[in-house]
Each structure stands twice: as C-alpha cells, then as structure tokens.
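Okay, handing you the structure first.
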Amino acid sequence: MKKFLKRNVAFFIFLCLALLFPLGVSSQSKLNMRVIVTGLGIDKGDGEYVVSAQVARIAPGQDAPGSNAEIDVISASASTLVSAMSKLSYQTGKIAAYSHASFVVFGKEMLNENMASTLDYFVRNKVVKSSTMVLCCDSNAVDELKKTKQIDLSVGLGLQKVYMYRESESEGKMTTALEFLRSSKEFGGGSLVSELQLVSHEEILKEALPNSKSEDESGGSQKQDEKKQKDEKQYFKADTPLVCFKNGKFVGKLEGDENLLGFMLINNKAQKCEVVLNLNDEQGNPLSVTVSIKRKKCRTSVRFENGTPVFDVQIKIKAAEIDEIIGEETNNFAVSNFNEIENELKNMICEKISKMFLTMQGLEIDVLKAYEIAYKFNYYETTKLFKTPEEFLKKGRVSVSVQIDKLEY
C-alpha cells in the first residue's frame with residue numbers, strides 16, 4: 001500500500017487540485033455577481049413604491065476597495081415593495097445582497113402606512129437582519145441617501161455605529177427593527193425613531209469657508225477646515241426630532257429641547273448630556289451655568305394612590321461636572337452657591353421629564369413602559385381599575401425624584 005501511494009503521489013496531488021480549483025473559481029464568480037447593499041431607502045409616491053439602495057463601489061481607475069471606494073445610490077420603482085426590490089438587480093446587472101444593510105430609511109409618505117407590517121416582512125423573510133437600524137426622514141429617503149455620497153465614507157456607510165454613539169451622547173436614538181416590532185406589540189406600545197437630517201455638502205463648505213474670507217486671508221486655516229469636515233457631527237443637523245409610532249402607525253413627533261432632553265434623561269442608553277441652568281448671583285445679575293452629566297441611571301416603578309396610577313421615575317446621577325459659568329465676575333459663584341446649583345439641576349430634570357411625559361401622554365404612548373410594569377407586578381388592581389392601557393395611561397401621573405451622587409467643579 002505504501003509503495004502504491006509513493007508511486008501515485010503526483011496523481012493524488014493533481015486530483016486534489018482538480019477538485020479544489022474549479023470550486024474556488026466558482027465562488028469568486030458568484031461574489032463578482034453580487035452588489036453589497038449597505039443601506040435602504042423606502043419611498044412611496046404616485047401609487048408606486050420606490051426602493052433606493054446605498055452601495056459601495058470601487059472608484060473608477062482603482063483595483064482595490066477601501067479608501068478608494070465611493071458611495072452610490074440605485075433606485076427602482078414598482079407597484080409593490082417586493083417587485084421594486086427585485087428590480088434593483090436589473091438596475092445593477094448583479095444580485096443585490098440586502099443582508100448587509102445596516103439601516104433602513106423611510107420617507108415621509110411611508111409614515112401613512114403601518115411601518116410594523118413593512119418591517120415584519122423584511123425581518124421574517126430575512127431581507128435584512130433584525131439588528132438593522134430604522135430611521136425616518138421628513139422628505140424623500142432617496143434624497144437623504146444621496147447626501148451620503150458627499151460626506152466622509154466611514155460616516156456614510158456606518159450610520160448605525162454613528163447613531164449608537166449619538167444615542168450615548170443624547171443626540172439621537174438607535175432603534176433596531178426587532179426593537180421596533182417588539183414595542184409595537186406591547187401594551188400601549190410605542191416606538192421612537194430618529195429622524196435623519198443630513199447636511200448637504202454645500203452647507204458644510206459654506207460653514208467651513210465663509211464667503212467673507214478669501215483663501216489668502218484664511219492662510220493656514222485650510223488644514224483646520226479639512227479636519228472640521230472629518231468631524232462626523234457636522235454631517236447631522238442638531239436637535240432633530242424623534243418620530244413616534246403607536247402599534248406601528250405614525251402618531252406625531254417628539255421635538256423641542258425640553259421634550260428631547262426629558263426623554264434622554266430616562267433613556268439608560270444615553271449616558272451623557274448637557275443641561276444649562278439660568279441663575280442669578282448675589283447682585284441679581286443673570287448667570288448661565290452649564291452642567292455636564294457623565295453617568296446616570298433611571299428606574300421606573302408604579303404605585304396606586306386612591307385608584308390613580310403614579311409613575312415613580314428615579315434618576316440617579318452618578319457623576320456630573322460644572323463646565324462653565326457665563327456672566328460670572330468673581331469666579332467664586334460655584335463654590336459659594338454649590339447647593340443652589342445642585343437644587344436647580346434637580347428641579348430642571350424633574351421639569352423636563354414631567355413635560356416630556358405630558359407630551360407622550362397626549363400621543364397615548366407609554367414611553368415609561370408603566371402599564372407593562374403594573375400588569376406584571378400588580379395585575380389584579382391594574383386590570384380591575386382600567387379596561388385598556390390607554391385608560392391607564394390617561395389617568396396616570398408622573399412623580400420624579402433626583403439623586404446626585406457626585407457633582408464637581
């Protein structure tokens with residue numbers, strides 16, 4: 001047997017290569033026939049669905065991906081969503097690989113439909129992953145996708161990671177498709193989705209290079225402008241609203257500094273935020289005190305007072321810092337009025353959360369998940385007093401308490 005193997009070793013090597021080499025060629029051929037879709041935009045107009053795909057292509061004249069890649073947007077329309085997605089393959093001449101899509105943007109007209117049904121189709125048929133981020137926009141989704149062609153490649157293709165960071169900084173919310181679907185099925189369930197508002201390339205250049213300055217006058221500011229353009233924050237408009245859904249249907253928007261800050265304070269994924277306090281010094285002069293909250297924790301519980309549900313919100317600030325005081329002359333205000341600043345911070349947090357709750361109560365969205373908590377821990381009293389989650393939420397009130405462990409200057 002050993003002699004047979006030694007004599008025919010060349011034959012076995014040739015046989016192995018003959019079996020493996022065609023498989024490698026076939027796999028490479030299949031990859032070349034695919035186009036990787038990194039994001040989707042869904043619009044509706046004139047009775048047709050418009051599906052737009054964000055894809056990464058190798059720049060003309062280049063042989064390798066990476067820094068030489070560029071973003072492109074491809075669109076197709078049809079009477080049904082399924083047909084429109086199938087047409088994208090004809091537009092590219094390749095098979096569209098949707099499983100790599102990290103976000104889905106819904107246009108303004110899509111808000112009139114049941115978003116939960118659309119996302120349920122995507123997830124159940126494994127068109128996109130359940131971890132895909134959901135976004136909305138106040139215009140056409142294809143227009144927002146086209147803006148990603150003009151911004152930094154890492155930002156345009158990595159919107160999901162960007163929004164995870166923005167949520168931690170209290171500047172947005174990263175809602176996944178699975179989270180959206182779960183919230184739409186909960187008692188009084190509501191889903192909040194960030195509204196995508198990208199800044200156009202022309203607006204970025206206008207801000208970076210003002211018309212009042214010529215290139216000669218700016219001198220060495222070109223490098224600073226280039227660095228500024230790489231800052232991902234400049235690509236997103238500030239204070240963008242959160243779009244609210246009840247059982248998958250659009251009901252309104254959570255907008256304005258008070259409402260947005262109030263929601264971020266109860267959102268445990270949002271760890272950092274800034275609060276501006278308006279105080280007066282000993283002479284009655286106005287002061288503006290900026291406090292940065294570094295770490296916090298929110299807990300919600302439900303109790304009943306004479307048949308009225310009370311939603312207890314406990315905010316525990318583990319670390320906060322007084323950043324700056326505008327209008328101060330003595331540089332001693334924070335030291336001598338430390339307790340006043342702390343009390344004003346507590347009062348503002350209570351006020352912001354209370355106003356946000358009233359706004360969400362008007363939209364019939366249980367943002368605190370209070371009914372679910374009451375149903376789980378006080379089932380008898382909850383079901384006896386209230387027939388529906390909407391009735392429970394309507395008659396409830398919020399009570400906010402704040403504990404500050406560490407405040408530094």
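Keep in mind it's a predicted model, so treat the numbers as computed, not measured. Along the sequence shown, residues carry numbers from 1.
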Inset, instruction - Determine the interplanar angle of the F311 and F392 rings, folded into 0 to 90°, and report it as parallel if under 30°, tilted if 30 to 60°, perpendicular if over 60°. - result: tilted
Legend entry - ring pair (Phe, Tyr, Trp, His ring centres under 6.0 Å) partners for F103, two or more places apart: none
Legend entry - Check: F236 ring centroid to Y163 ring centroid under 6.0 Å: yes
Legend entry - From CG (L265) to CE (M356), nearest 0.5 Å: 8.0 Å
Legend entry - Pair M133-T176, side chain to side chain contact (heavy atoms under 4.5 Å, CB included): steps then yes or no: CA-CA 4 Å; M133 178 178 63; T176 64; 5.8 Å; no
Inset, instruction - Evaluate side chain to side chain contact (heavy atoms under 4.5 Å, CB included) for C273 paired with M264, printing each intermediate quantity in order. - result: CA-CA 8 Å; C273 62; M264 292 304 169; 5.5 Å; no
Inset, instruction - Would you check if there is a donor-acceptor pair between the side chains of D312 and Q314 at a distance under 3.5 Å? - result: no
Legend entry - Y371 versus E390, side-chain donor and acceptor atoms under 3.5 Å: no
Legend entry - For the student: nearest non-hydrogen atoms of L254 and L260, plus distance: O-CD2, 3.3 Å
Inset, instruction - Determine whether V104 and V134 make a side-chain contact, defined as any pair of heavy atoms from C-beta on separated by less than 4.5 Å. - result: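 No - every pair of side-chain heavy atoms lies 4.5 Å or more apart.
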Legend entry - Check: F180 ring centre within less than 6.0 Å of F245 ring centre: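 Yes, the ring centres sit under 6.0 Å apart.
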Legend entry - Shortest non-hydrogen separation from S184 to A116 and the atoms involved: OG-CB, 4.0 Å
